[in-house]
Amino acid sequence: QVQLVESGGGLVQAGGSLKLSCAASGRTFSMYNMGWFRQAPGKEREFAAVIAWNGGWTLYADSVKGRFTISRDNAKNTVYLQLNSLKPEDTAVYYCAASSHNSDSATHYDYWGQGTQVTVSS
């Protein structure tokens, strides 16, 4: 069992930056690949980024590639998402999730956090 708690969201102007954190409980955090998803109002949840259990592999959605960076610190049971060059269309609730699969599909993720709101003003 893994419990996930996101933090770091907020209101930022276009072009600005935020760093999201996701703290995990449980001794098995380092066994899971960790992903970030986002959901804008009226839209389906979409994949943003994923990092392998050992940090050795990452994958990004085309919409965030080159602007967002995912990382993890297994000693701190935490995964991060650095958001740079933010755009109004990045406005969404951002969720972290844990999976035993190398996947960008939400259906492959077993554990989810409650989400943190990111709002980008123009």
Side-chain angles (χ1 to χ4, degrees):
Q1 192 87 12
V2 178
Q3 293 184 327
L4 304 171
V5 179
E6 302 95 335
S7 61
L11 174 63
V12 63
Q13 289 188 331
S17 298
L18 283 173
K19 187 172 186 177
L20 308 183
S21 298
C22 173
S25 63
R27 294 175 293 175
T28 58
F29 170 77
S30 61
M31 297 173 59
Y32 288 94
N33 300 324
M34 296 298 298
W36 285 95
F37 291 76
R38 64 185 185 180
Q39 188 166 18
K43 295 188 177 181
E44 293 187 354
R45 191 169 298 189
E46 66 173 6
F47 167 76
V50 60
I51 187 167
W53 64 275
N54 61 353
W57 171 84
T58 59
L59 178 68
Y60 296 92
D62 287 343
S63 58
V64 307
K65 196 175 297 182
R67 300 188 299 121
F68 293 5
T69 303
I70 190 170
S71 61
R72 67 189 296 161
D73 185 339
N74 285 347
K76 295 183 178 179
N77 277 13
T78 302
V79 61
Y80 305 97
L81 188 66
Q82 177 70 45
L83 287 62
N84 295 331
S85 302
L86 282 162
K87 306 174 181 179
E89 53 263 43
D90 294 317
T91 295
V93 177
Y94 283 71
Y95 300 89
C96 69
S99 175
S100 56
H101 301 278
N102 291 334
S103 177
D104 60 359
S105 172
T107 59
H108 290 152
Y109 285 76
D110 303 307
Y111 303 103
W112 292 82
Q114 84 290 347
T116 186
Q117 176 71 48
V118 171
T119 303
V120 185
S121 63
S122 57

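Along the sequence shown, residues are numbered consecutively beginning with 1.
- Of the inter-residue distances, the one linking Y32 atom OH with S99 atom OG reads 9.0 Å to the nearest 0.5 angstrom.
- Here the CH2-CZ distance, from W36 to F68, works out to 11.0 Å after rounding to the nearest 0.5 Å.
- Taking 4.0 Å as the cut-off between side-chain N and carboxylate O, D90 and K87 do not count as a salt-bridged pair.
- By the rule that hydrophobic residues join a cluster once side-chain heavy atoms approach within less than 4.5 Å of another member, F47 and W112 end up as members of one cluster.
- Between N74 and S30 the shortest heavy-atom distance is ND2-CB, 3.6 Å.
- Nearest heavy atom pair, residue L4 against residue M34, reads CD2-CE, 3.9 Å.
- Applying the side chain to side chain contact (heavy atoms under 4.5 Å, CB included) rule to A49 yields the partners Y60, I70, L81; only residues at least two apart in sequence or on another chain are considered.
- A pairwise comparison of heavy atoms in A23 and T78 identifies CA-OG1, 4.2 Å as the closest pair.
- Across every non-hydrogen atom of A24 and V2, the tightest pair is CB-CG1, 4.1 Å.
- S105 and T107 form a side-chain donor-acceptor contact under 3.5 Å, judged by distance and modelled atom types alone.
- The minimum heavy-atom distance linking R72 with N33 is given by the pair NH1-CA, 4.1 Å.
- Side-chain contact between R67 and L83: absent, with no pair of heavy atoms (C-beta onward) separated by less than 4.5 Å.
- Take Y109 and apply the ring pair (Phe, Tyr, Trp, His ring centres under 6.0 Å) test, not counting sequence neighbours, and it matches F37.
- Inter-residue side-chain proximity for V50 and N102 is flagged as unmet; no heavy-atom pair is nearer than 4.5 Å.
- Interatomic distance, SG of C22 versus CD of E6, reported as 5.0 Å (0.5 Å rounding).
- Pairs passing the ring-ring contact (aromatic ring centres under 6.0 Å, His included) check and including a residue from residues 69-104, sequence neighbours excluded, read H101-H108.
- At least one side-chain heavy atom of V118 sits less than 4.5 Å from a side-chain heavy atom of L20.
- By the rule that hydrophobic residues join a cluster once side-chain heavy atoms approach within less than 4.5 Å of another member, Y111 and I51 end up as members of one cluster.
- V12 and V64 fall within a single hydrophobic cluster, where Ile, Leu, Val, Met, Phe, Trp and Tyr are joined by side-chain heavy atoms under 4.5 Å apart, directly or via other members.
- Interatomic distance, R45 CZ to R38 CZ, rounded to the nearest 0.5 Å: 13.0 Å.
- Other residues, nucleotides and ligands contribute at most 12 non-hydrogen atoms within 6.0 Å of the CD atom of Q3.
- When all heavy atoms are compared, the tightest approach of T119 to Q117 is OG1-NE2, 3.3 Å.
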